[in-house]
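Let me begin by presenting the structure, written as structure tokens, before commenting on it.
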Amino acid sequence: MALATTVLAATAATNPFFEYKNWKTPHGTYPFNEIHAEHYMPAFEEAFKQGLKDIDNIVNNPAAPTYANTIEAYEASGELLTVVAGCFYNLTSAETNDTLQQIEMELSPKLSEYSSTIRLNEGLFKRIKAVYDQRAKLKLNKAQYKLLEDIYESFANNGANLSPEDKQTYRELSAKLSQLTLQYGQNVLKATNAWTMLITDEALLAGLNDDTKAMLRANAEKKGQEGWLLNLKPTTTIPVMQDLDNRDIRRELYMANAGRCVGGEFDNTGLIVEIVNTRLALAKLFGKKTYAEKSLYKTMAETPENVYRLLDQLRDAYMPAAREEVKELEDYAHAHGFYAAHLQPWDFSYYSKKLKQEKYAISDDDLRPYFELENVKKGVFGLAEKLYGLKFKENKKIQVYNPEVTAYEVFDEKGKFLAVYYADFHPRDGKRGGAWMNDFQPQYMKGKKDHRPHIVNVMNFTRPVKSEAAGENFSGQDKPALFTYDEVRTFLHEFGHGLHGMLTRCQYAAQSGTNVPRDFVELPSQFNENFIDEKEFLDTFAKHYKTGESLPQELLDKMHASQTYHAAYACARQLSFGYLDMAWHTLEKPFEVNEAIGTVESVVRFSDEAMEQVQVLPNVPGTQMCCAFTHIFSGGYAAGYYSYKWSELLDADAFSVFKAAQAKNGSIFDKKAAKRFRENILEKGGTEKAMDLYKRFRGGEPTINALLERDGIKAREIK
């Protein structure tokens, strides 16, 4: 029996979504305390009805098509669906459970069908095309013109111009793809949660610091076990791979993590084949040779050739240095008793940290005491205040979806309400791995009223840890959450996305905030990361959690000296992901499984070959990251993973403006540069072409020079 008939029906009187216009919550935030699983499906069903009715009203309007009665009416349609989906899909990433996943599976084809019904509505497209065809005569501003263009092209590129037979094929392929990508993502989450390893002999944990061991003990206690429990969450895998002396356990942890969904119960290899072949079939419907060709047309890169040009340029610049870095690390490992001929992936982080400590006498453990969560929040929020005048005020009256989440009201430099901001820092079983930003509700104008956004940052950072001495009396606060340097950087990154969402000032929701090309969306986030290397910024918050002492100059000097440590290796790793993504999405004919070796091995070999040109560590049988590569197989980055490196080029080039100002006036918090960045990048969303916005801020197109200089590549003698 379908879930929709087994979940209790919620009437208009009891379903909070049906009363969203009358919510008495601060700023119309979600009443999470009142929203339960049984409310979602009835709310979605009603939202589909209302959305289709909105479309019917446009199509059946007897007046001639105009920008207002067609384009703006379409952009504003489906309001209830925006509200329901904004809640549901945020929670399926940050606070999911078996019930929500079951709803998600049932909902997927319904949502796909709803979308296809609208996209393939001939009467609607006829009116949109009528307005589009007279665009030269209309008095539209840049944002309006771009919205018209984007809506027309979104219909044209989603089947509106197809024959009736091809439209039906499009519906079927879209529905199929929706299900496949959803199943892929759920497999990754299930595989991640399914693996644990219990250690009962503390001697096997040699090398781990007390905080990590306390965290592993807490993991075990949550499961009702005694000992130390390893899992596949980053808060476990990163310190264990870096610090644990026991190579066999490191190897087992690596194999479990890198081998997720490569065969076995949660195998994703068959899904990968179906996903890429379905995407290719969709592209062929539109006369494109590859899915990448179809996907890239609205990006800054525009074509697969331009993507490969960037990847190849970076490969040629970084690979000689990356090989030198691995050779140096192997020599170091051999000099310190490493017996194998070559380093394996489960050795790299372990010896890399030791060599870094020896070369620069600095490690995460040296820096952690200065990065206490509350101080880090003050620093990150303070950066937004120094650059843009923002103020963050916690509001406990705003309901949250988990007690660990903190809600803030955000005010601009004039004290005017700007946004709601939710911060969710720590890993949970119901939360997928990684870190991200999203909006619960978007920004847009309704008449003269500015509907301000509700933004969320979701992360998986170190929790407060239990001291061994606390025993059964542990309160959860014996030691506060102390972040690694990389966790602080990640917070800055996601907060940069958050600022993009909070500062946006657009007429239409479809253009606000992060609704920009994916190779432009990472610019604000990666730009924000740059400040962690600035003493002027660190001095505002990096205080020892016990003594209150500022981060010493000696540690700052060591940190700066180590900034380019293994930068080439890190770039090669990112390039390997980019090449892998492009290989799968530049196929010109369906991927065929080699029956002699089977699906798993066919997928693994193809992926290994795609990454080979930037591979600096050995491939390991039984592993292939494509099987858990959610960004491209269940996220929005198919044929788009290159955008991280594209955005690095942009962010380094953009931050060079602030560095130049610092050299001139002595402060990295340059208000003039920040004002230009805010007005041309953060506030504009997708109202204009991304390159036009960037050139207006920068004064010209970006170059690779600042990135090479930041990574120390120019300074090296690369033969």
Side-chain angles (χ1 to χ4, degrees), residues 23 25-33 82-83 86-87 89-91 93-95 373-426 431 434-444 450-461 481 483 487-506 509 512-515 521 524-525 527-529 531 540-541 674 678 681-683 685:
W23 286 343
T25 53
H27 310 294
T29 48
Y30 286 107
F32 289 111
N33 298 342
T82 299
V83 173
C87 182
Y89 284 105
N90 273 290
L91 266 58
S93 293
E95 191 70 8
L373 171 57
E374 292 304 317
N375 284 340
V376 172
K377 286 196 288 188
K378 290 177 184 177
V380 173
F381 292 168
L383 175 62
E385 181 176 358
K386 288 181 179 296
L387 292 177
Y388 313 114
L390 308 190
K391 297 279 189 181
F392 290 76
K393 181 180 179 181
E394 183 178 351
N395 186 339
K396 294 185 178 180
K397 293 182 179 180
I398 296 176
Q399 297 178 32
V400 293
Y401 56 87
N402 185 286
E404 293 184 334
V405 179
T406 305
Y408 299 87
E409 292 175 300
V410 187
F411 301 93
D412 67 14
E413 62 273 26
K414 296 180 181 179
K416 185 177 180 181
F417 172 72
L418 187 70
V420 172
Y421 173 72
Y422 299 88
D424 183 356
F425 286 102
H426 305 301
K431 181 192 290 188
W436 62 93
M437 166 269 178
N438 210 341
D439 60 49
F440 276 109
Q441 296 184 39
Q443 181 270 330
Y444 60 91
D450 188 359
H451 185 280
R452 297 309 302 168
H454 301 173
I455 303 300
V456 60
N457 274 158
V458 185
M459 294 152 285
N460 283 275
F461 294 154
F483 285 9
E487 285 178 327
V488 179
R489 182 183 288 277
T490 299
F491 185 12
L492 283 166
H493 177 103
E494 298 306 334
F495 193 74
H497 283 309
L499 290 172
H500 203 180
M502 287 182 269
L503 288 168
T504 182
R505 293 189 180 278
C506 299
S512 69
T514 56
N515 287 309
V521 76
S525 56
F527 164 82
N528 218 45
E529 291 182 39
F531 288 94
T540 66
F541 74 95
R678 175 177 179 169
I681 306 295
L682 299 177
E683 291 186 352

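For the single chain, residues carry numbers from 1 onward in sequence order. Note that the structure is a prediction, hence the values are computed from the model and not measured.
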So Leu503 and Leu390, side chain to side chain contact (heavy atoms under 4.5 Å, CB included) or not? Walk me through it. CA-CA 9 Å; Leu503 288 168; Leu390 308 190; 3.8 Å; yes
Could you walk me through whether Leu373 and Phe461 satisfy the side chain to side chain contact (heavy atoms under 4.5 Å, CB included) test, starting with their C-alpha distance in whole Å, then the side-chain angles of each, then the deciding distance to 0.1 Å, before giving a yes or no? CA-CA 9 Å; Leu373 171 57; Phe461 294 154; over 6 Å; no
Could you give me the CA-CA distance, side-chain angles and deciding distance for Phe495 and Tyr421, then say whether ring-ring contact (aromatic ring centres under 6.0 Å, His included) is met? CA-CA 10 Å; Phe495 193 74; Tyr421 173 72; 5.6 Å; yes
Go through it in stages, so that I can follow the logic: the residues are Lys386 and Thr540, the test is side chain to side chain contact (heavy atoms under 4.5 Å, CB included), and I'd like the CA-CA distance, side-chain angles, deciding distance and then a yes or no. CA-CA 11 Å; Lys386 288 181 179 296; Thr540 66; 3.8 Å; yes
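Between Phe440 and Phe32, the distance separating the two ring centers is shorter than 6.0 angstrom.
Under the 3.5 Å distance criterion, the side-chain polar atoms of Asn457 are matched with a main-chain donor or acceptor of Glu494. Tyr30 contributes a side-chain N or O that, together with a main-chain N or O of Val83, makes up a donor-acceptor pair within less than 3.5 Å. Asn90 contributes a side-chain N or O that, together with a main-chain N or O of Gly86, makes up a donor-acceptor pair within less than 3.5 Å. Side chain of His27 to backbone of His454: no donor-acceptor contact under 3.5 angstrom is found. Using a distance-only test at 3.5 Å, with no hydrogens or angles considered, a donor-acceptor pair links the side chain of Arg452 to the main chain of Met502. A donor-acceptor distance shorter than 3.5 angstrom exists from the side chain of Gln399 to the backbone of Asn33, with no hydrogens or angles considered.
Looking at Val420 and Gln441, their side chains never come closer than 4.5 Å, going by heavy atoms from C-beta outward. Within the 4.5 Å cutoff, side-chain heavy atoms of Asn528 are placed close to those of Leu383.
Note on residues 388-399: pairs passing salt bridge (Lys or Arg N to Asp or Glu O under 4.0 Å), not counting sequence neighbours, are Glu385-Lys391. A salt bridge (Lys or Arg N to Asp or Glu O under 4.0 Å) check over residues 399-408, counting only residues at least two apart or in different chains, returns the pairs Glu404-Arg428, Glu404-Arg463.
In this structure Ser525 satisfies the side chain to side chain donor-acceptor pair (under 3.5 Å) test together with His493, His497, Glu522, sequence neighbours excluded. By the side chain to side chain donor-acceptor pair (under 3.5 Å) test, Tyr401 is found to be paired with Asp424, residues two or more places apart in sequence or in another chain being considered. Applying the side chain to side chain donor-acceptor pair (under 3.5 Å) test to His426 and every residue at least two apart in sequence or in another chain returns nothing.
With rounding to the nearest 0.5 Å, the separation of CG in Asn515 from OG1 in Thr504 is 8.5 Å. In this structure, the separation between OG1 on Thr29 and CD1 on Ile398 is 5.0 Å, given to the nearest 0.5 Å. Interatomic distance, Thr514 OG1 to Asn438 CG, rounded to the nearest 0.5 Å: 7.0 Å.
Around the NZ atom of Lys377, the shell of radius 6.0 Å holds more than 12 heavy atoms that belong to other residues, nucleotides or ligands.
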Let me have the donor-acceptor pairs involving side chains of residues 412-419, under 3.5 Å, with sequence neighbours excluded, atom names and distances please.
unit_1: Asp412; atom_1: OD1; unit_2: Lys414; atom_2: N; d: 2.9
unit_1: Asp412; atom_1: OD1; unit_2: Gly415; atom_2: N; d: 3.1
unit_1: Asp412; atom_1: OD1; unit_2: Lys416; atom_2: N; d: 2.9
unit_1: Glu413; atom_1: OE1; unit_2: Arg678; atom_2: NH1; d: 3.2

